[in-house]
Amino acid sequence: MSAPCEPRVTAPASAPLPPAPTPPVARRPAVDWRIRFVGLSLIWGFSFLLIKVGTEGYAPFQVTFGRLLAGTAVLAAAMAMRRERLPRSARTWGHLTVAAFLLNALPFSLFSYAELTVPSTLAGICNATSPLWGMVLSVVALSEDRPTRRRVAGLGVGFLGVLTVLGAWQGFSGLDLPGTGMALLASFCYPVGWIYVRRTLAGTGSSTLALTGSQLFLATVQLALVTPLFTSAPTSFPLLPTLSVLALGTLGTGLALLLQYGLVQEVGPTTAQMVTYFIPVIATAAGVALLGEQLSWNTPVGALIVLVGAALTQSRTHSAAAPEPAGRPASAPEPSADPAAPPGTDAAGLSRS
């Protein structure tokens, strides 16, 4: 009797490998970036109309304080939801105090005072000169930013557009020089602040949201100290000006910054900065259509020339342009770009009017 045959066990050629881990899928925003881009353009474009309406019921410093307070509340809520930590360094807070003055408290107040006497359309166009001032300052203050012939030509074209808007050939007749000067000075503050931020707040270790939220808070404190010295407490709260100030803060100062951050992270700062060119167009349309402001031929023509010049000042040759890392945080556009990461900086200050 033969021995029973034992069943043959065939070993597998190789042990089964564990399934490869699935890389996390980045959450795509619920709203397409193009829609958010249009929304940001509208918000910042209408900001000048909101300032104008706000000053009809409140003093300029009160308008600025209200918008900063409301904007800070929006960013504080966003920071709480994302569990962002405030900066810890006293040095960082010191630099943020200066940035808050240059990028928020001072330009916001200047625009509010300017619109007591100049149309919101003119204030919006003056805001578009920021890239022109930025190029001049960046050449002086940033050694790595050297002008090209195209950018120098853009600077000349841009300031020709400014003279066209102001009607220089007419001797600036009918123009409120103090109000226009304050609007231009406000636009000059932005590149000054951007350069300061770029030199002092890069590499702090804090997120852009935390830096900007802290910066707005400090600007709010500055206005809380200054406003009582120059104005008395309001005796009434007219509905339309009050709503305008609240919208200016929650939308134009708070939500707009969050939209800008999202755009910079998704499509990069170069594309996000293009919103700058739509602001004066929307501001002009809003002022004419909703406030009945008068518009002579030289205003839109000059504004177009300003935008062409600003675009040229931001141009880079392919060899000189440094690639932008995806998702790079920015608080406002570069001095040669601008409202908003201050120009390509790695810190706070992304704030436009």
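- Side-chain N/O atoms of T313 and R151 include no donor and acceptor closer than 3.5 Å.
- Scanning for side chain to side chain contact (heavy atoms under 4.5 Å, CB included) contacts around V221 gives F217, L225, with sequence neighbours left out.
- Residue F48 is not grouped with residue V288 when hydrophobic side chains (ILVMFWY) are merged at heavy-atom distances under 4.5 angstrom, including chains of intermediate members.
- Remark: L137 CG to L132 CG distance equals 11.0 Å, nearest 0.5 Å.
- A donor atom on one side chain and an acceptor atom on the other are not found under 3.5 Å apart for S214 and W93.
- Distance check, rounded to the nearest 0.5 Å: OG1 of T212 to CE of M79 gives 9.5 Å.
- Under the 3.5 Å distance criterion, with hydrogens and angles disregarded, a donor-acceptor pair is assigned to the side chains of T72 and T220.
- Put simply, the side chain of V74 does not reach to within 4.5 Å of the side chain of L251, judged on heavy atoms.
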Note to self: Assess the residue pair Y113 and T55 against the criterion (side chain to side chain donor-acceptor pair (under 3.5 Å)); give the C-alpha distance rounded to whole Å, side-chain angles, the decisive distance to 0.1 Å, and a yes or no.
What the structure shows: CA-CA 8 Å; Y113 269 101; T55 56; over 6 Å; no
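- Between F159 and the choices L163, L155, V157, the side-chain contact (heavy atoms from CB on, under 4.5 Å) rule is met once, by L155.
- Linking Ile, Leu, Val, Met, Phe, Trp and Tyr whenever their side-chain heavy atoms come within less than 4.5 Å puts L229 and F65 in one cluster.
- You'll find the side chain of P280 stays beyond 4.5 Å of the side chain of N127, heavy atoms only.
- Here the straight-line distance linking atom CD1 of I125 with atom CD1 of I279 works out to 12.5 Å at 0.5 Å rounding.
- From F108, atom CZ reaches atom CD of Q222 across 12.0 Å, with rounding to the nearest 0.5 Å.
- Other residues, nucleotides and ligands contribute only 12 or fewer heavy atoms inside 6.0 Å of the CZ atom of F101.
- Counting only N and O atoms by type, the side chains of E293 and S120 include a donor and acceptor under 3.5 Å apart.
- A123 and F111 get closest at one heavy-atom pair: O-CE2, 3.6 Å.
- In this structure the side chain of L216 reaches within 4.5 angstrom of the side chain of L257, judged on heavy atoms.
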Please tabulate, one pair per line, all N/O donor-acceptor pairs under 3.5 Å involving side-chain atoms of residues 236-245, not counting sequence neighbours.
from, atom 1, to, atom 2, distance (Å)
T242, OG1, Y58, OH, 2.4
T242, OG1, P238, O, 2.6
S244, OG, L240, O, 2.9

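- When each of T284, D176, L295, L166 is checked for a side-chain contact (heavy atoms from CB on, under 4.5 Å) with L122, only L166 meets the rule.
- Side-chain contact between F278 and L40 is absent, with no heavy-atom pair separated by less than 4.5 Å.
- Taking every heavy atom of both residues into account, T227 and Q62 meet most closely at CG2-CG, 3.9 Å.
- Of all heavy-atom pairs between N298 and V165, the closest is ND2-O, 3.0 Å.
- Linking ILVMFWY residues whenever their side-chain heavy atoms come closer than 4.5 Å, directly or via other members, places V118 and L177 in the same cluster.
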Next item on the list: Mind running side chain to side chain donor-acceptor pair (under 3.5 Å) on T129 and S187 for me, showing each step along the way?
Entry: CA-CA 6 Å; T129 63; S187 69; 2.9 Å; yes
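- By the side chain to side chain donor-acceptor pair (under 3.5 Å) test, T250 is found to be paired with no residue, residues two or more places apart in sequence or in another chain being considered.
- Separating the OG1 atom in T92 from the CG atom in L211 is a distance of 7.5 Å, to the nearest 0.5 Å.
- Ring geometry for W33 versus F37: interplanar angle over 60°, hence perpendicular rather than tilted (30 to 60°).
- A distance of 5.5 Å separates CG in L290 from CZ in F46, rounded to the nearest 0.5 Å.
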